[in-house]
Amino acid sequence: MSKIIDRETNNWYQEVAAQDFYKEIDLEREIMHNISVIFPEYIPASFKVELTHNVTGKKNKADLCMIKFDYTEWYVIEVELGGHSEAEVIKQIDTFANCTYTAAHASHIHNQNNTLNLTSLTVLVTGKNPELMVIVNEEKKEWKKGLKKYSCKMCVFQIYNDFGGRKIFRLQGEHPFIYTNFRNCTFEKSLPFAIKILNEEGFLSSYNISNGDSVDIEFNGVRNVWVREDYGSEVFLTCKSPTAPLDSLTSRYRLNYYKTRRVSQPTGNTIKIRLLNWLNKSQVQINNSFSFTKE
């Protein structure tokens with residue numbers, strides 16, 4: 001079993017083994033409850049409705065769906081445990097890929113999450129085929145070839161607990177990630193804590209990050225603080241981490257900027273939650289985020 005250590009607190013987290021602690025429905029529930037954090041530009045809903053294959057007439061149920069907040073994209077999601085066979089998974093994805101989605105499907109989704117706009121949702125569901133994604137609790141390399149035939153993403157989602165019962169999640173593989181702007185960078189091996197932004201041209205300044213300002217940037221699931229340092233016309237970012245933050249064997253990176261959409265989730269009894277949800281329906285917080293990816 002793999003473990004993760006939080007370097008800030010020296011707190012150890014151990015992977016939760018599916019066969020010992022949870023079933024597929026538990027994994028599905030964990031994903032559903034946290035999908036607004038995991039994929040913050042998407043609105044989730046249960047999608048346990050029978051879908052019919054256009055050619056064979058066979059029926060299969062999906063698990064979840066999620067709608068991009070601007071109604072330009074939507075996903076049908078199948079949650080699986082790694083113990084299932086590839087044939088079972090492909091059979092379901094084949095149906096999802098060859099199904100005609102109707103206004104009735106949009107209505108079902110809206111009934112599961114009435115914060116969605118039914119008119120916009122219906123236009124999307126009936127007018128655009130969904131993206132497909134399998135979320136599984138362990139790496140299943142043997143599934144990739146079959147899923148690729150349907151342009152279906154495979155995202156590995158794993159749950160880790162510490163001794164106090166606190167959870168963290170680990171994601172890898174394919175999943176939606178929205179970049180709205182970026183700049184290419186070079187990472188010099190002789191300067192393992194500094195990266196040069198190429199053709200910066202006001203990129204950081206447009207997000208109110210000036211010479212000497214700090215910014216949090218994520219790479220491979222780890223966020224570090226970087227400081228902007230200008231030398232004439234050249235702009236560098238210097239990391240304040242005690243260990244080299246990037247892969248020293250890679251010299252070219254991309255600095256990505258993207259927005260995430262978050263809706264505050266009130267806590268309390270059910271009646272209070274519903275009331276606050278109704279009052280806050282139109283209140284959306286946009287967060288600015290940065291990440292590095294390898295070129």
Original post:
Can you check ring-ring contact (aromatic ring centres under 6.0 Å, His included) on Phe292 and Phe187, steps first, answer last?
Top reply: CA-CA 11 Å; Phe292 283 120; Phe187 186 54; 8.4 Å; no
Main-chain N/O of [Y] paired to [X] side chain as donor or acceptor, under 3.5 Å:
X      : Y      : value
Trp74  : Leu121 : no
Lys48  : Lys61  : no
Tyr13  : Phe169 : no
Asn98  : Asn54  : no
Asn224 : Cys239 : no
Asn60  : Ile93  : no
Glu234 : Tyr231 : no
His84  : Leu81  : no

Could you grab the distance from atom [atom1] of [X] to atom [atom2] of [Y], nearest 0.5 Å is fine?
X      : Y      : atom1 : atom2 : answer
Ser251 : Ile195 : OG    : CD1   : 9.5 Å
Met66  : Met133 : CE    : CE    : 4.0 Å
Ile197 : Leu204 : CD1   : CG    : 4.0 Å
Leu237 : Leu255 : CG    : CG    : 6.5 Å
Thr186 : Leu198 : OG1   : CG    : 5.0 Å

Original post:
What orientation do His175 and Phe39 show, parallel under 30°, tilted 30 to 60°, or perpendicular over 60°?
Top reply: tilted
Subject >> Side-chain heavy atoms of Phe203 within contact of Ile209, under 4.5 Å >> reply: no
**OP:** May I have the step-by-step check of side-chain contact (heavy atoms from CB on, under 4.5 Å) for Ile135 and Glu80, ending in yes or no?
**Re:** CA-CA 6 Å; Ile135 300 181; Glu80 295 283 359; over 6 Å; no
Original post:
Is there a path of hydrophobic side-chain contacts, each under 4.5 Å between heavy atoms of I, L, V, M, F, W or Y residues, that connects Val16 with Leu27?
Top reply: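 Yes; Leu27 is reachable from Val16 via cluster members.
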Subject >> Ring centroid separation Tyr253 to Phe219 under 6.0 Å >> reply: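 Yes - the distance between ring centres of Tyr253 and Phe219 falls below the 6.0 Å cut-off.
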Original post:
Run the side-chain contact (heavy atoms from CB on, under 4.5 Å) check on Gln14 and Phe163 step by step: do they pass?
Top reply: CA-CA 9 Å; Gln14 181 163 313; Phe163 292 111; 5.9 Å; no
Salt bridge or not for [X] and [Y], using N-O below 4.0 Å?
X      : Y      : result
Glu131 : Lys68  : no
Asp94  : Lys91  : no
Glu30  : Lys167 : yes

Original post:
Counting only heavy atoms not in Lys149, do more than 12 fall under 6.0 Å of its NZ?
Top reply: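 Incorrect, the count does not exceed 12.
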Original post:
Stepwise, does the side-chain contact (heavy atoms from CB on, under 4.5 Å) test hold for Leu147 with Ile90?
Top reply: CA-CA 7 Å; Leu147 293 175; Ile90 296 300; 3.8 Å; yes
